[in-house]
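Note sheet for the following structure.
Numbers restart at 1 for each chain; the letters A, B, ... are given by sequence-line order, proteins then strands.
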4 protein chains.
Amino acid sequence: MRANSGSGEQGRSFTERGRRAQIVEAAIDTIVELGYSRASFGQIAKRAGLSSTGMISYHFRSKAELMQQVVTDVYAAAEELVGERIEAAGTARGRLRAFIESSVDFYRAHHRKIRALTEIFLNERGDDAALPHRRELEGLREMLRAGQLTGEFRDFDPHVMAVALRHALDGVALRLGVEPDADADRYARELATMFDLATRSG
Amino acid sequence: MRANSGSGEQGRSFTERGRRAQIVEAAIDTIVELGYSRASFGQIAKRAGLSSTGMISYHFRSKAELMQQVVTDVYAAAEELVGERIEAAGTARGRLRAFIESSVDFYRAHHRKIRALTEIFLNERGDDAALPHRRELEGLREMLRAGQLTGEFRDFDPHVMAVALRHALDGVALRLGVEPDADADRYARELATMFDLATRSG
Amino acid sequence: MRANSGSGEQGRSFTERGRRAQIVEAAIDTIVELGYSRASFGQIAKRAGLSSTGMISYHFRSKAELMQQVVTDVYAAAEELVGERIEAAGTARGRLRAFIESSVDFYRAHHRKIRALTEIFLNERGDDAALPHRRELEGLREMLRAGQLTGEFRDFDPHVMAVALRHALDGVALRLGVEPDADADRYARELATMFDLATRSG
Amino acid sequence: MRANSGSGEQGRSFTERGRRAQIVEAAIDTIVELGYSRASFGQIAKRAGLSSTGMISYHFRSKAELMQQVVTDVYAAAEELVGERIEAAGTARGRLRAFIESSVDFYRAHHRKIRALTEIFLNERGDDAALPHRRELEGLREMLRAGQLTGEFRDFDPHVMAVALRHALDGVALRLGVEPDADADRYARELATMFDLATRSG
DNA sequence: CATGAATGAGGTTTCATTCAT
DNA sequence: TATGAATGAAACCTCATTCAT
């Protein structure tokens, strides 16, 4: 029999959730270390301390489901941190700055997760996997447009700006992974200033 | 006897160079269409109109060498176009704008190549593949620093700005691939304005 | 401690026998639905309402033992019905007709069991599984030979006739499974007439 | 690349056809020896003298295609022999006898093929595989019905008779496989007489 | 130069079976 | 008894690469 009956994490035993989380972590490690195309079950199992790849198939219906779970987990962790800090800000400029700074904060602690995410998005061509990415882009666009309506932001194209910001942040995540002792605060400060200058009106 | 003895393109016969170029083009098509992890020799050969994968192995020492050649070819094409237009500009601000606009111009015609490049960078972990990417980043950083020395640019961190610009442009390339009728000029204009505002002094 | 120590059904607790019967039924369902080669413990457990394949291994020493039990159970059920009606007939011709008609009667109600049986015979090559099949063929042969001794049957080869009858009946069972609204009585009547014509003397 | 491009045998090289035939033969051997459910690529490769299962995948797109080819090959061989002899007969009774005798003749030489066929039909549930089997049954039915129209045959149910004959013959094939020194001619003679008695009018 | 056959490693997945709880 | 986690073998299949022709 198998444990991978449903698709969410509810309705799973304690041990089951633990194992799944452990495998998801190992998958992230593997993707970061070897790249998506070389992230085989064998490599993931090795990093998870499992004695066979059958164990992964036991806990996940397929490789796609495992990758989907990686995406879900990373987004859940990120939104928890970033969402709070955006809502705490009073102005559109403040929200933009909060978004950038909290994102970089998240990357500082979790750049491995972001790196893995990027690879999955690029490699999984189905729209299912890219959906959260697209949703985030839409949220960003809305935030920028709102600032334009209040007059805080100048009249730029919100879509282009959102794309630029989103990928600039991706680049930071990538850098934080590649540069061992990069100063995350510096990245946060500089990016915040930069997009503030690029967006503000007047 | 095999044709894949050296590593550069010199010292190869005319037909040999032709075959290699044809395979490189097919590799780009395949990566864009299926993703790096599914870009097998079989798929590449099919797109190159070859009836045997042995042909690819005959012309390239290994898969890694083929990917390296893709990177080399794409960079050669890009630098030819972009380099010229940067040198034509008189000021640092002008050079920045020229860089952005000519990059987008290049992406408009060649977003498939850029997309393939991105995938290869993410998947080929060896420093060999990432080298041109790093060199380009350095060039960008120098351009920005030069503008700061002349006082045209404000006192930002050149490295962070270079990373942000580089990845914002990657994002544009990706978008031009995903959005069928995206307006490349709009992207160019908006990005140029945006980075002008973010960098200029005063 | 395990429950699958012996091989027969005696010396087992009431619940134990119940569970085994339930699993045997589920195995039959599975074989009929998916075919022998896809009848895995997982599928059988699902149809038995069990949440673990371990349960099957607990009650049966091995998959072979489970299949053996299916064969035993089906034969026990069939002989009970068929045996009675044969003995009730007074002549050899009557016994032959009774055998055919009661067999079809049995198939009408239990063609799933017969179908499962056929698949097991074909796939389990050990002589153990084929033994009851061989015994039945011998019984049939004896019945035919007896009719020849009394002069009711003509001088055919009893073995060939037994084989033909046995497999013709198998074919009926298979048909009753495949044709949703097949008329079992028609099959019984036709076959009885047919073998009567083929066997009777004069 | 791979050789298994089309689905028929035309357009294949000489060597290719040879290898495919060799693998088909090995598949038949394996099915007869181990049963369909244990006829893995590994076992087939071993019997074909191939050093790896990859070879089979190279020549056949999938296991299903290999099994389909077995069915096709066996039917082609059988129809060649049986078809001729049926057409040579002048009466319906003659055609029936010719069908039975030539079938048994074919089984004598090729009972392994027939045995394999039966297993594939039972295990491959898709209608694709069972199609030739159904077509043959229809042909048989037509032959019997034609005899009824000319008055040579009595008024039996052609479908039931066809099923009985078809499976009686299957049984013979199975017997010829199991009984090493079975007398095929005896089977042919007895069956022909038996079905003659069962079908003829008056 | 080009082909297609061959190889063998490695990919994901399914499976029967064992075992701790 | 029953469960579900774990195991490891074996399944089918794809792949890069080599080689004879």
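For the helix from E:dA2-F:dT21 to E:dT21-F:dA2, the terminal axes (five pairs an end, C1' atoms, rotation from four pairs onto the next four) enclose an angle of 10°, given to 10 degrees.
Checking side-chain atoms of B:Asn123 against main-chain N and O of A:Ser37 turns up a donor-acceptor pair under 3.5 Å. Between the side chain of C:Glu119 and the backbone N or O of C:Val32, no donor-acceptor pair lies under 3.5 Å.
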Summarise protein proximity over nucleotides 6-12 of chain E in one line of letters, 5' to 3': B for base, S for sugar-phosphate only, - for none, counting protein heavy atoms closer than 4.0 Å. BBB--SS
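D:Phe60 has its CZ atom 12 Å from the P atom of E:dA5, to the nearest Å. Between D:Tyr36 atom OH and F:dA11 atom P the separation is 14 Å, expressed in whole Å. B:Glu16 places its CD atom 6 Å from the P atom of E:dC1, with the value rounded to the nearest Å. Across the protein-nucleic acid pair, C:Phe14 atom CZ and F:dT1 atom P stand 12 Å apart, rounded to whole Å. At whole-Å resolution of the value, CD1 in D:Ile44 and C1' in F:dA10 are 14 Å apart. Distance CD1 (B:Ile23) to P (F:dT17): 13 Å, rounded to an integer number of Å. For the pair D:Ile56 CD1 and E:dA5 C1', the interatomic distance rounds to 15 Å; values are reported in whole Å. Taking atom NZ of residue C:Lys46 and atom P of nucleotide F:dT3, one finds them 16 Å apart after rounding to whole Å.
The shortest side-chain heavy-atom distance between B:Met55 and B:Phe41 does not fall under the 4.5 Å cut-off.
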Show your working on side chain to side chain contact (heavy atoms under 4.5 Å, CB included) between A:Arg38 and B:Glu124 and close with a plain yes or no. CA-CA 10 Å; A:Arg38 283 195 256 275; B:Glu124 294 280 345; 3.8 Å; yes
Given side chain to side chain contact (heavy atoms under 4.5 Å, CB included), test C:Ile28 with C:Glu25 step by step and report yes or no. CA-CA 5 Å; C:Ile28 291 170; C:Glu25 277 305 310; 4.1 Å; yes
Between A:Tyr36 and A:Leu122, is the side chain to side chain contact (heavy atoms under 4.5 Å, CB included) condition met? List the steps. CA-CA 9 Å; A:Tyr36 181 90; A:Leu122 276 180; over 6 Å; no
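For the side chain to side chain contact (heavy atoms under 4.5 Å, CB included) with B:Val70, the lone residue among B:Val74, B:Asp73, B:Thr72 that qualifies is B:Val74.
Pairs engaging residues 26-36 of chain A under the salt bridge (charged side-chain N to carboxylate O under 4.0 Å, His left out) rule: A:Asp29-A:Arg112, A:Glu33-A:Arg47 [sequence neighbours left out].
Around the NZ atom of C:Lys46, the shell of radius 6.0 Å holds no more than 12 heavy atoms that belong to other residues, nucleotides or ligands.
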